[in-house]
S.K.: 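A single structure is presented below for examination.
Hydrogens, waters and symmetry mates play no part in the numbers below; they use all other heavy atoms, side chains included. For the single chain, residues carry numbers from 1 onward in sequence order.
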Amino acid sequence: MSCDPTALRRFSRRNVAVSQLGVGTAPFGSFEPDDTDSSVAKAFAAMRAAGLGYFDTAPFYGLGLAEHRLGACLRTIDRRSVVLSTKIGRLMRPLGEGPAPGLGVAGEPPFEVAFDYSYDGTLRSLEHSLQRLGTNAVDIALVHDVNRRWQGDRVEQRYGEAMNGAYRALVELRDAGVVKAIGVGVNDWEILLRFAADGDFDCFMLAGRYTLLDHSALDTFMPDCERRGIAVLMAAPFNSGILATGAAPGATYFYVEAEREIVERTRHIEGVCARHGVALPAAALQFPLAHPAVASVVTGMRSAAEVADNLAHCRAAIPRAFWEELKHERLIATDTPVPA
């Protein structure tokens, strides 16, 4: 079977509907020479022409650059025609070495990142994001990166700050209709279970933890979200690269070179793909969408060509026998939901 990347899935708890294929805008914040305002505008135009309607961003992406570039794109369309999410938890503070020097030697804006999950910091972060985006509202606000990877030994302190500060601010904004839905975005499903138990969240963005290579969230996290009616926005479906490129030399997994075990498992999956005429990226994009808790699979796209590729992968027909062989080979669990 295949999926329609532009079809909408509605959150069960809020009046929010996102396209099954969502756009992650981290590439919009790239400082690479080939990633320019013009290239981003062309990619965005291709996304909208294709009917993609959900865009996720964050202040952290390019120290505000992704939001600036996305905002410029939004000014070319009816803002009400897309669903927009951004994140809180990091403030962009101007560098203090005298007058702001403009772009640095690598093209970075003259700001530094400061973690802030306080009530006031959350309101300030959203206000800054709205200014960069050039809009008066976002649809979804997500608490960003409260986990050990980013917070280290301060994770418990940050969790307390987020629940006592950011969560309180976001609930008030939701109650006032300023945002439609609130959630948390991390790559650690265990801490999302804590957030789900301690708060009233509408959605979670989980990065890289419900993919063909990592479905550790299947037994506990996904059923918990389904039971609570929390929509899952499954980001990083290619695990930062290897499920798009295959087990090629230098392939990355969670942003570092993939270990041998991951490379071998990917090769095993590629063998199944070859037997059934399935492109690995197509299987990677369609796999998460089979779970009833998942509302959207969110991936970065930096060009019209990548947009076209991902649309084709979503629409590609994948035989049931492919998924059955993955289960038979124990590459995915036997009770894993797969496309019908």
S.K.: Is it true that Glu270 and Arg267 have a side-chain N and a carboxylate O under 4.0 angstrom from each other?
M.R.: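 Salt bridge: no.
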
S.K.: Indicate, with yes or no, if the rings of Phe55 and Phe44 have centres closer together than 6.0 Å.
M.R.: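 Aromatic pair counts; centres sit under 6.0 Å.
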
S.K.: Evaluate the side-chain proximity of Val184 to Ile191: yes if any heavy-atom separation is below 4.5 Å, no if none is.
M.R.: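 No; the side chains remain at least 4.5 Å from each other.
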
S.K.: State the CG-CG distance between Asp224 and Asp219, to the nearest 0.5 angstrom.
M.R.: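 It is 12.5 Å, given to the nearest 0.5 Å.
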
S.K.: Rounded to the nearest 0.5 Å, what's the gap from SG on Cys203 to CZ on Phe11? Could you check?
M.R.: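 Spacing of SG (Cys203) from CZ (Phe11) equals 4.0 Å.
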
S.K.: Measuring only between side-chain heavy atoms, which start at C-beta, is Asp202 closer than 4.5 Å to Arg174?
M.R.: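 In short, these two side chains touch, coming nearer than 4.5 Å.
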
S.K.: Evaluate Thr336 against Leu326 for side-chain contact (heavy atoms from CB on, under 4.5 Å), listing each step before the verdict.
M.R.: CA-CA 10 Å; Thr336 305; Leu326 288 184; over 6 Å; no

S.K.: Should the heavy atoms of other residues, nucleotides or ligands under 6.0 Å from CZ of Arg80 be counted, would the total exceed 12?
M.R.: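 12 or below, so no.
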
S.K.: Which heavy atom in Ser19 sits nearest to a heavy atom in Gly53, and how many Å separate them?
M.R.: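 The answer is OG-N, 3.3 Å.
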
S.K.: Is any side-chain heavy atom of Asp56 less than 4.5 Å from a side-chain heavy atom of Thr25?
M.R.: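 Not touching, per the 4.5 Å side-chain cut-off.
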
S.K.: In terms of side-chain geometry, is the basic nitrogen of Glu324 or Arg320 positioned less than 4.0 Å from the acidic oxygen of its partner?
M.R.: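 Yes.
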
S.K.: In the single-linkage hydrophobic clustering (I, L, V, M, F, W, Y; side-chain heavy atoms under 4.5 Å), do Val186 and Leu170 co-cluster?
M.R.: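 Yes: a chain of side-chain contacts under 4.5 Å links Val186 to Leu170.
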
S.K.: For the pair Arg79 and Asp139, find out whether any cationic side-chain nitrogen is under 4.0 Å from an anionic carboxylate oxygen.
M.R.: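 Looking at Asp139 together with Arg79, the answer is yes, because their closest N to O distance falls below 4.0 Å.
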
S.K.: For Leu285 and Cys314, which heavy atoms make the closest approach, and how far apart are they?
M.R.: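 Distance-wise, the nearest heavy atoms are CD1-SG, 4.0 Å.
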
S.K.: Scan residues 65-75 for pairs that pass salt bridge (Lys or Arg N to Asp or Glu O under 4.0 Å), counting only residues two or more places apart or in two chains.
M.R.: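 Pairs touching residues 65-75 that pass the test: Asp37-Arg69, Glu67-Arg132.
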
S.K.: State, with a plain yes or no, whether a side-chain heavy atom of Met163 is found less than 4.5 Å away from one of Phe195.
M.R.: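 Yes, side chains in contact.
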
S.K.: Heavy atoms only: give me the nearest Asp34-Ser39 pair and the separation to one decimal.
M.R.: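 The pair with the smallest heavy-atom distance is O-OG, 3.4 Å.
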
S.K.: Going by heavy atoms in the side chains, are Leu8 and Tyr54 under 4.5 Å from each other?
M.R.: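 Of all side-chain heavy-atom pairs linking Tyr54 with Leu8, none is under 4.5 Å.
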
S.K.: Counting only heavy atoms not in Asp153 (residues, nucleotides, ligands), do more than 12 fall under 6.0 Å from its CG?
M.R.: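 Counting neighbours around CG of Asp153, 12 or fewer heavy atoms of other residues, nucleotides or ligands fall under 6.0 Å, so no.
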
S.K.: Just do the side-chain contact (heavy atoms from CB on, under 4.5 Å) check on Phe31 and Leu65 with the steps written out, would you?
M.R.: CA-CA 9 Å; Phe31 303 116; Leu65 181 60; 3.6 Å; yes

S.K.: So, do Leu243 and Leu280 sit near enough that their side-chain heavy atoms are less than 4.5 Å apart?
M.R.: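 Counting from C-beta outward, Leu243 and Leu280 do come under 4.5 Å.
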
S.K.: Below 6.0 angstrom between ring centroids: does that apply to Tyr117 and Tyr159?
M.R.: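 That pair fails the under 6.0 Å test.
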
S.K.: Can you confirm whether Leu142 sits close enough to Ile140 that some side-chain heavy atom of one is under 4.5 Å from a side-chain heavy atom of the other?
M.R.: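 Sidechains of Ile140 and Leu142: in contact.
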
S.K.: Between Val18 and Ile77, is there shared hydrophobic-cluster membership here, with clusters defined by ILVMFWY side-chain heavy atoms closer than 4.5 Å?
M.R.: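 No; Ile77 is not reachable from Val18 via cluster members.
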
S.K.: Can you check side-chain contact (heavy atoms from CB on, under 4.5 Å) on Leu206 and Asn187, steps first, answer last?
M.R.: CA-CA 5 Å; Leu206 178 62; Asn187 66 354; 5.5 Å; no

S.K.: For the backbone of Ala317 and the side chain of Gln286, can you confirm whether one donor and one acceptor N or O come within less than 3.5 Å of each other?
M.R.: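 Absent.
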
S.K.: Taking all heavy atoms of Leu63 and all of Pro109, pick out the closest pair and write down the distance.
M.R.: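 Smallest interatomic distance, heavy atoms only, reads CD1-O, 3.8 Å.
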
S.K.: Do Val138 and Val298 sit in the same hydrophobic cluster, where Ile, Leu, Val, Met, Phe, Trp and Tyr count as joined when their side-chain heavy atoms come under 4.5 Å apart?
M.R.: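 The answer is no; the residues belong to distinct hydrophobic clusters.
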
S.K.: So, are Asp120 and Arg124 salt-bridged, with charged N and O less than 4.0 Å apart?
M.R.: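 Judged by the 4.0 Å cut-off on N to carboxylate O distance, Asp120 and Arg124 do not form a salt bridge.
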
S.K.: Can you name the closest pair of heavy atoms from Ala141 and Val179 and give their distance?
M.R.: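 Taking every non-hydrogen atom into account, CB-CG1, 4.3 Å.
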
S.K.: Please report the shortest heavy-atom distance between Leu21 and Ser296, naming the atom on each side.
M.R.: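 Reported closest heavy-atom pair: C-OG, 3.9 Å.
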
S.K.: Within 45° of the ring axis of Trp150 and under 6.0 Å from its six-membered ring centre, is that where the NZ or CZ of Arg158 lies?
M.R.: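 So Arg158 doesn't make the cation-pi contact.
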
S.K.: Are Thr86 and Leu126 close enough that some pair of their side-chain heavy atoms sits under 4.5 Å apart?
M.R.: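 Yes, their side chains come closer than 4.5 Å.
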
S.K.: Once ring-ring contact (aromatic ring centres under 6.0 Å, His included) is applied, do any residues pair with Tyr167, and if so which ones, sequence neighbours excluded?
M.R.: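 For Tyr167, the residues satisfying ring-ring contact (aromatic ring centres under 6.0 Å, His included) (neighbours in sequence not counted) are Phe201.
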
S.K.: Would His276 and Trp323 satisfy side-chain contact (heavy atoms from CB on, under 4.5 Å), going step by step from the backbone distance to the final call?
M.R.: CA-CA 10 Å; His276 294 274; Trp323 303 110; over 6 Å; no

S.K.: Thr211 side chain to Leu213 main-chain N or O, any donor-acceptor pair under 3.5 Å?
M.R.: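 Such a contact is found between Thr211 side chain and Leu213 backbone.
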
S.K.: For the side chain of Arg9 and the backbone of Val294, is there at least one donor-acceptor N/O pair under 3.5 Å apart?
M.R.: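 Yes; at least one donor-acceptor contact below 3.5 Å.
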
S.K.: Charged N to carboxylate O below 4.0 Å: is that the case for Arg194 and Glu156?
M.R.: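 Salt bridge between Arg194 and Glu156, a charged N being under 4.0 Å from a carboxylate O: yes.
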
S.K.: Any ion pair linking Arg302 and Asp35 (charged N to carboxylate O, less than 4.0 Å)?
M.R.: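 Between Arg302 and Asp35 there is a salt bridge, with a charged N closer than 4.0 Å to a carboxylate O.
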
S.K.: Could you tell me if Ser216 and Asp214 have a donor-acceptor pair between their side chains, going purely by distance under 3.5 Å?
M.R.: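 Short answer, yes.
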
